[in-house]
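Proteins get letters first, then strands, A, B, ... in listed order; numbering begins at 1 in each. Model, not experiment: these values are computed from the prediction.
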Protein chains: 2
Amino acid sequence: MRTRPYHHGDLRAALLTRAERTLGEKGPGALSLRELAREIGVSPAAPSRHFRSKQALLDALALEGFGRLATGLIEAHDAAGDAFAERVLAVTRAYLDFAVANAALLDLMYSVKHDPAASEELIDAGQRVGSLAAALIREGQRQGAVREGPLEEIGLPVMATLHGFAVLAASGTLPADSVEQGMRDTVAFVLRGCAP
Amino acid sequence: MRTRPYHHGDLRAALLTRAERTLGEKGPGALSLRELAREIGVSPAAPSRHFRSKQALLDALALEGFGRLATGLIEAHDAAGDAFAERVLAVTRAYLDFAVANAALLDLMYSVKHDPAASEELIDAGQRVGSLAAALIREGQRQGAVREGPLEEIGLPVMATLHGFAVLAASGTLPADSVEQGMRDTVAFVLRGCAP
DNA sequence: ACCTGAACACCGTTCAAGT
DNA sequence: ACCTGAACACCGTTCAAGT
């Protein structure tokens, strides 16, 4: 019968995995470093080696979230057809899916309470997601589906619309049975807003 | 020298006021019922008479936030000129101002961690804000500035765009010096998306 | 009705000491 | 380098008892 070794192996990763699980299942209020440590089987002080504070763990979680969101959007984009309208639909749906499946995490990603230390990294990550919208717009312009002009002039409003819609859907402000129709309306609105 | 009376008078209001102040000044993590009670000069158990739990206080704060946001949007709307474009600009600016001035509160309003008990009320409040967008669209249709169609088909995307832009600006995802230009671009985008 | 006082079961964080 | 054990100064919440 193997007894737990003194060194966990990869406590950092274990903390992040477990933290995200309870974040999704029981909400951010139920996230306790001590309980995490208990579940993983290490002492209450062990997490402090890997995260200077609870907030540092939350920031790491948020950063991971931005990475997954960006990957999801890129994959959806690349899997869609070439036409601008198809790509907008695919990216919007991917954003929505992420928001619904990771509502608490999305909250964390765009919340205001980050450590100044991590803030810079998080803002970068947020802007990297924003730059995906810019890339989408540039393609649309090449196809003639988007009016000419500086990328940000259209990219930012598009990003805002996608994000806003996803947040409203994930926060339950939208009735669940009108999310799908709302997404179609939002995509149509974006296409009109972009059109030459 | 008057000594503090046994009954506070309006402890509930005092708690809400103080809570919102520290929420804005020191962030949601620094909000402690015990510290609030200490600052106000009541015992640690006193708040429980007015709020069943800390979450109940946060929910009340969020509800108050929705009320103030709605009022702010209506006032901005009514103070603006009659033209649809002017009204959209006024409402967008009001939403942005609220978000920047009450970033932590806005976080709270649209966060996922509410009590099921308060959720219904909060969702109603959120939808009431959404109905303001619908009213705006209806006027726009009457003026011929907005294409015909069901209110929600345009109202929801407009709401999403305003909310998304405000959140991005308030969360610092947008560089501070591009917020003003971003707002103009967002308004222009909305007007295009609405146009017949 | 509203609040106090004291208690309970937790927290996050720190720091010497162990492996 | 990584973790434990014990301690510190807090929490939120409950409940009998006071006014």
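For B/A46, the side-chain atoms get nearest to C/dT4 when compared with the rest of D/dC3, C/dT4, D/dG5. Among the nucleotides D/dT4, C/dG5, D/dC2, the one closest to the side chain of A/R49 is D/dC2. Checking C/dC3, D/dT14, D/dC3 against every side-chain atom of B/A45, the shortest atom distance belongs to D/dT14. Looking at the side chain of B/H50, the nearest of the listed nucleotides C/dC3, C/dT13, D/dT4 is C/dC3.
Sparse packing is recorded around CD of B/E120, with 12 or fewer heavy atoms of other residues, nucleotides or ligands lying under 6.0 Å away.
Atoms CZ (A/F51) and C1' (D/dC2) sit 14 Å apart, rounded to a whole Å. Spacing between atom CG of A/L15 and atom C1' of C/dG12 amounts to 14 Å, rounded to whole angstrom units. Remark: P of C/dA1 and CZ of B/R12 are 17 Å apart, rounded to the nearest angstrom.
Using a 4.0 Å cut-off between a side-chain N of Lys or Arg and a carboxylate O of Asp or Glu, A/K26 and A/E35 qualify as a salt bridge. Note on B/E75 versus B/R68: no salt bridge recorded, every NZ/NE/NH1/NH2 to OD/OE distance being 4.0 Å or above.
Within the 4.0 angstrom heavy-atom criterion, base atoms lie near A/P44.
For the pair B/L63 and B/E121, the tightest heavy-atom approach, listed with the atom from each and the gap, is CD2-OE2, 3.5 Å.
No side-chain donor-acceptor contact under 3.5 Å links B/R138 and B/Q141.
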Quiz prompt | side-chain hydrogen bond (donor to acceptor under 3.5 Å, both in side chains) evaluation trace for B/H77 with B/E139 | solution = CA-CA 11 Å; B/H77 171 274; B/E139 291 173 357; 3.0 Å; yes

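Aromatic ring centroids of B/H163 and A/F165 lie 6.0 Å or more apart.
Toward the 5′ end of DNA chain C lies the nearest nucleotide of B/L11, the other residue of the pair A/S48 and B/L11 mapping further downstream.
Rounding to the nearest 0.5 Å gives a distance of 13.0 Å between CG of A/L73 and CZ of A/R128.
For DNA chain C, each stem of at least three Watson-Crick or G-U pairs (distances under 3.5 Å) is given as range with range: C:4-8 with D:12-16, C:12-16 with D:4-8.
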I'd like a table of atom pairs between the protein and nucleotides 8-11 of chain D - only N or O on both sides, under 3.5 Å - with the distance next to each one.
from   : atom 1 : to    : atom 2 : distance (Å)
D/dC11 : OP1    : B/R38 : NH2    : 3.2
D/dC11 : OP2    : B/R38 : NH2    : 2.6
D/dC11 : O5'    : B/S32 : OG     : 3.3

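The shortest side-chain heavy-atom distance between B/M109 and B/L61 does not fall under the 4.5 Å cut-off.
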